[in-house]
Peer 1: 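Attaching a single structure in structure tokens format; questions to follow.
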2 protein chains.
Amino acid sequence: MSDRSPQSMSATARSQNPDSTAHAVIPGVLLPLRKQQRVLLTQKPADHIVLVMTGVLMVEARLPERDRQVLEILFPGDAYHTQDAPGLLGASLIAATPAELQRYRPEALEAIERSNPEFRRRLESAMAHRSARRTLHLASMSGASGEERLADFLVEIGLHLGRQVQGSRSFDMPLSREEIADYLALNPDTLSRIFSRMKSSGVISISRGRATVPDWPALMRLSPFGAAQTELYEQTRVPA
Amino acid sequence: MSDRSPQSMSATARSQNPDSTAHAVIPGVLLPLRKQQRVLLTQKPADHIVLVMTGVLMVEARLPERDRQVLEILFPGDAYHTQDAPGLLGASLIAATPAELQRYRPEALEAIERSNPEFRRRLESAMAHRSARRTLHLASMSGASGEERLADFLVEIGLHLGRQVQGSRSFDMPLSREEIADYLALNPDTLSRIFSRMKSSGVISISRGRATVPDWPALMRLSPFGAAQTELYEQTRVPA
DNA sequence: CGTGTTGTTGAACTGTCTCAAGGACGGTGG
DNA sequence: CCACCGTCCTTGAGACAGTTCAACAACACG
């Protein structure tokens, strides 16, 4: 509750960090975020692009008089375009874990892309990948039961954050129950019940924020869109 | 039931038509579609871009053992990227009304864009606009009740297809009850009940496929995301 | 160790689904 | 023009998944 000062996209940020981790990243403006720190997406029509360098982010929408919604989850490598959320949605990015963002303004982007087609291709591929993931999330939200939605979510997180060990997989859970509920369009009580059922059926176990799925294929069998998610995820790992 | 022969994206199509309607459209391959005709999106990893010239399309997903879902609705001016649906979703485009598509292969696109930056900007703007509309649809599906979802849908259709006459609006309904249900993640029976309630409360009247909303602001009041949709829609009309 | 926050669980309630029956068109052929 | 058909839509009654509210347990933090 203490470190949630909203920070506008246009607010000052630390200056860039020339040496970046993976890939050839052209430095824009580096934004380090504390856990639960918020970046407003709504202000001004400036269409920025944000690259997730490290950490996990949530895209949140908050309409007056309505419950908060978590529209999507961003992982390292993802690119988010400000224009993807209409202004009236009141969207923000929220750091689910400590995170680092790279931010690009449209003019800067155009110049970079011209001089660096490789970077442009990487951006476009990141956007395409995220777009497909959004499609899967929509499909899951509109076609699946509570338990199936949770399974889809666990597959998504497990793929991106998990380490595989012999058909089992474990990962740190970056979202709270309430955040997961807001992402899955369930209420927290219901979600807790479904979690309990899954725990007692042995599909998953959680202790101190660390989740373990002892039998990954078993989880996949509960997840209607797990296969499609995996296909998608593999595409970002294997090629290039 | 007679004219539903699936047509693969790669199947032969009529050759291009140099004189196009609005905007400066660079001819790709023109695909005319009969009502209910289907274009498979899944085959081959070729990432085409499809431009809707006329008509209304549905993006459908069909997973084995699961009900069909309508993921989004496309209107004239929309650009659809094949990559937006992961292969395993079994996605297709379906013409809700007779329609014409313009199709571009990635190589062709790159060349066109290089020589015609204006066209590229138009494409990007169309994609961005559709992306924001998808966000709203997701938000509606995961945050709204059945009645609210239907109101959001009617606003979407009304904005794109309707003629305004003094605060009232009417339009031809391009989707059947079942298609609407699949789009709204409701079952057809429930949808019919909600429609009945709306009709008897005077929000909408329908006769022979023609819908009339006598009091548009009243509908907007039922629609949680109507304002955001309108904002978005206006952006495509006014500028440029 | 309190104290506040987050997660869990029960019981009653409600919106949506299911299944099944009946109605309204829109076309076709006598 | 009517009778017939198929398809799409509507409506009721009962079942069920998910919600709500409230109480309590578990945990993190100072």
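Protein chains get the first letters and strands the later ones, always in sequence-line order, with residue 1 at the start of each.
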Peer 1: Does B/Tyr183 have its ring centroid less than 6.0 Å away from the ring centroid of B/His137?
Peer 2: yes
Peer 1: What residue pairs, at least two apart or across chains, pass ring pair (Phe, Tyr, Trp, His ring centres under 6.0 Å) with a residue in residues 66-88 of chain B?
Peer 2: B/Phe75-B/His160
Peer 1: Anything under 3.5 Å between a donor and an acceptor, one on a side chain of residues 190-197 of chain B, the other on a protein residue two or more places apart or in another chain? List them.
Peer 2:
residue  : atom : partner  : partner atom : Å
B/Thr190 : OG1  : B/Asn187 : OD1          : 3.3
B/Ser196 : OG   : B/Ser192 : O            : 2.9

Peer 1: At how many degrees, to 10°, do the end axes of the helix from C/dC1-D/dG30 to C/dG30-D/dC1 meet when each uses five pairs?
Peer 2: 40°
Peer 1: Does D/dA17 have its OP1 or OP2 closer than 4.0 Å to a side-chain nitrogen or oxygen of A/Ser145?
Peer 2: no
Peer 1: Taking atom C1' of D/dT7 as reference, at what distance in whole Å does atom NZ of B/Lys35 sit?
Peer 2: 13 Å
Peer 1: What is the distance, to the nearest angstrom, from the CG atom on B/Leu150 to the C1' atom on C/dG15?
Peer 2: 15 Å
Peer 1: Of all heavy-atom pairs between B/Ala95 and B/Arg34, which one has the smallest distance, and what is that distance?
Peer 2: CB-O, 3.3 Å
Peer 1: Please report the closest heavy-atom contact between A/Glu148 and A/Ala144, naming both atoms and the distance.
Peer 2: OE1-CA, 3.3 Å
Peer 1: For A/Pro217 versus A/Gly167, what's the shortest heavy-atom pair and its separation?
Peer 2: CD-O, 3.9 Å
Peer 1: Starting at CD of A/Glu148 and ending at P of D/dA17, how long is that distance when rounded to a whole Å?
Peer 2: 12 Å
Peer 1: Could you state the atom-to-atom distance from CD of A/Glu147 to P of D/dA17 in whole Å?
Peer 2: 11 Å
Peer 1: Check salt bridge (Lys or Arg N to Asp or Glu O under 4.0 Å) between B/Asp182 and all other residues, then give those that pass, not counting sequence neighbours.
Peer 2: B/Arg68
Peer 1: Pull out every residue in residues 169-178 of chain A that has a heavy atom closer than 4.0 Å to any atom of DNA chain C, ordered by number, or say none.
Peer 2: A/Ser176, A/Arg177, A/Glu178
Peer 1: With sequence neighbours left out, what residues match A/Met173 under side chain to side chain contact (heavy atoms under 4.5 Å, CB included)?
Peer 2: A/Phe153, A/Leu154, A/Phe171, A/Ile180
Peer 1: Give, ordered by number, those residues of residues 63-74 of chain B having at least one heavy-atom distance below 4.0 Å to an atom of DNA chain C; if nothing qualifies, reply none.
Peer 2: none
Peer 1: May I have all residue pairs that pass salt bridge (charged side-chain N to carboxylate O under 4.0 Å, His left out) and include part of residues 128-143 of chain B, sequence neighbours excluded?
Peer 2: B/Glu72-B/Arg130, B/Asp78-B/Arg133, B/Asp84-B/Arg130, B/Arg133-B/Glu156
Peer 1: For B/Gly226, is there any backbone N or O sitting under 3.5 Å from a side-chain donor or acceptor partner on B/Thr230?
Peer 2: yes
Peer 1: Measure from CG on B/Asp182 to P on D/dC9 and round the result to the nearest Å.
Peer 2: 12 Å
Peer 1: List for me each residue that meets side chain to side chain contact (heavy atoms under 4.5 Å, CB included) alongside A/Asp67, sequence neighbours excluded, and say none if there are none.
Peer 2: none
Peer 1: Any protein N or O atoms within reach of nucleotides 22-28 of chain D? Criterion: under 3.5 Å, listing atom names and distances.
Peer 2:
residue : atom : partner  : partner atom : Å
D/dA22  : N6   : A/Asp189 : OD2          : 3.2

Peer 1: Taking all non-hydrogen atoms of both residues into account, name the closest pair between A/Pro224 and B/Arg66 and its distance.
Peer 2: CG-NH2, 3.5 Å
Peer 1: Hey, does B/Ile204 have a side-chain heavy atom less than 4.5 Å from the side chain of B/Lys199?
Peer 2: yes
Peer 1: Looking at B/Arg177 and B/Glu179, does any basic side-chain N land under 4.0 Å from a carboxylate oxygen?
Peer 2: no
Peer 1: Do any side-chain atoms of residues 205-213 of chain A form donor-acceptor pairs under 3.5 angstrom with protein atoms, and if so which ones, sequence neighbours left out?
Peer 2:
residue  : atom : partner  : partner atom : Å
A/Arg210 : NH1  : A/Asp172 : OD1          : 3.2
A/Arg210 : NH1  : A/Asp172 : OD2          : 3.3

Peer 1: Please give me every residue in residues 192-207 of chain A whose heavy atoms get under 4.0 Å of an atom in DNA chain C, ordered by residue number.
Peer 2: A/Ser192, A/Arg193, A/Ser196, A/Lys199
